[in-house]
Amino acid sequence: MTMHGARLVTPSMLVAFAIFGTLPFWITEIGLYRYLGVEILIWCIYALGFNLLMGYAGLPSFGHGAYFGIGAYACGLAQFELWANLWFCLAAGVVAAAVFGAVVAAFISHRRGIYFALMTIAFGQMFFFIASKWTSVTNGEDGLLNIARLPVELGFWNYPIRGNADFYWFVFACFVVCVVALWRLVNSPFGKVVQAIKQNEARMAFLGYRVALYKAVAFILSCAVAGFAGALFAMAQGGAFVQVMNLQWSGVIVLMVLIGGGFVSFWGPVLGTVLYFVARDLLGAYTEAWLLWFGLMFMAVVMFKPEGLAGIGQDALRKWRGLPRAPAAGWAWLRR
């Protein structure tokens, strides 16, 4: 374990927390808007949880949007049908996504590489189809509307989060907790075993580790984080919509993680998420075909710098320090 890996809070965390912690005070000054900060933080949580699976475990899930959507729907249904309490609704999103993830993990944890990826697509599309057609529960294409931003209840003190500014601070607090928890997880003995399985699954099985169990747990934890982000997104949007469960949006989270450099850095997903949303708003202001240009950018990264934005930053830092470049990140895990 590295020196920074042993810490609860690292210098890079402090930098990230300082940037996002001051964002409401300067984001409008650069021509953007505060709600964009809410979106970025929610998708950063989603991307960091997804990177636990893809970047650290080497398990390519191309149907992960299903668990994001399940978390959103579970949050709304819990609010309408059970108990309109913030913590209960968020927990419902986490538990529902984790349960569905556990069911899927039971079928796919023994698979590897492209076979694992194809099965995640199949299950993701199955959940998307069910959500689209089960209109008595999900309201189909119209979505589950009027999901409220419930107040933060801490015993004797309630904090309303109806406005975007107040909701931002709540989401920021969730982001801080998730970052610290995921950092500790990937640097824990469990995280080290998962990373070793990514490098050589057969060797870890030979050493006596229950590889399928570790892969299943990594998948379930990643789904749980996706469900948590989905629950926050439902409150941010004021509704849960089936569109976030389709294959397109599952691909977006993969794109964010890859272009940010999730294979080489814990912070890669954050960089990729910020780039995606900033590009959406800045390029989208000039052309409706902004995804074309973003796609070309993604192709250039994959072809010339597969380590992504984080890899570019690491190379620049090594050059500044006079150190040799690190070897390129490989894609062999996808072929296993």
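- Exactly one residue among I42, I40, D166, I161 makes a side-chain contact (heavy atoms from CB on, under 4.5 Å) with V171. That residue is I42.
- Taking the side chain as every heavy atom from C-beta outward, I108 and Y115 never approach each other to under 4.5 Å.
- Contacts of Y159 classified as ring pair (Phe, Tyr, Trp, His ring centres under 6.0 Å), with partners at least two apart in sequence or in another chain: W157.
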Show the atom names and distances, to 0.1 Å, of all donor-acceptor pairs under 3.5 Å that link a side chain in residues 220-233 to residues at least two apart or in another chain.
residue	atom	partner	partner atom	Å
S222	OG	G49	O	2.8
S222	OG	H64	NE2	2.9

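- Looking at L154 and W87, their side chains come closer than 4.5 Å, going by heavy atoms from C-beta outward.
- When the side chain to side chain contact (heavy atoms under 4.5 Å, CB included) test is applied to M299, the partners found at least two apart in sequence or on another chain are L296.
- Using a 4.5 Å cut-off on side-chain heavy atoms (C-beta onward), Q125 and F62 make no contact.
- With hydrogens and angles left out, the side-chain atoms of T10 and W183 include no donor and acceptor closer than 3.5 Å.
- I30 is connected to I19 through a chain of hydrophobic side-chain contacts under 4.5 Å among Ile, Leu, Val, Met, Phe, Trp and Tyr, so both are in one cluster.
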Stepwise ring-ring contact (aromatic ring centres under 6.0 Å, His included) test for Y56 and F190:
CA-CA 11 Å; Y56 285 94; F190 169 82; over 10 Å; no
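- Judged as a ring pair (Phe, Tyr, Trp, His ring centres under 6.0 Å), and not counting sequence neighbours, the contacts of F88 are W83.
- In this structure, L275 and M297 have side chains that are in contact, with non-hydrogen atoms separated by less than 4.5 Å.
- Here the straight-line distance linking atom CD of Q195 with atom CG of N187 works out to 7.0 Å at 0.5 Å rounding.
- A salt bridge (Lys or Arg N to Asp or Glu O under 4.0 Å) check over residues 20-41, counting only residues at least two apart or in different chains, returns the pairs E39-R280.
- In F100, the CZ atom is not crowded: 12 or fewer heavy atoms of neighbouring residues, nucleotides or ligands sit closer than 6.0 Å.
- Inter-residue side-chain proximity for R111 and L118 is flagged as unmet; no heavy-atom pair is nearer than 4.5 Å.
- Two residues are said to be in side-chain contact when any heavy atoms from C-beta on lie closer than 4.5 Å; F50 and F68 fail this criterion.
- No more than 12 heavy atoms of other residues, nucleotides or ligands lie within 6.0 Å of CZ in F129, so this atom counts as exposed by the packing criterion.
- Heavy-atom neighbours of F107 CZ from other residues, nucleotides or ligands within 6.0 Å: at or below the threshold of 12.
- At a threshold of 4.5 Å between non-hydrogen side-chain atoms, the residues L48 and F266 count as touching.
- Tested against F20 for a side-chain contact (heavy atoms from CB on, under 4.5 Å), the candidates V176, V270, V15 yield a single pass: V270.
- Every residue was checked against the ring pair (Phe, Tyr, Trp, His ring centres under 6.0 Å) condition with F17, not counting sequence neighbours, and none meets it.
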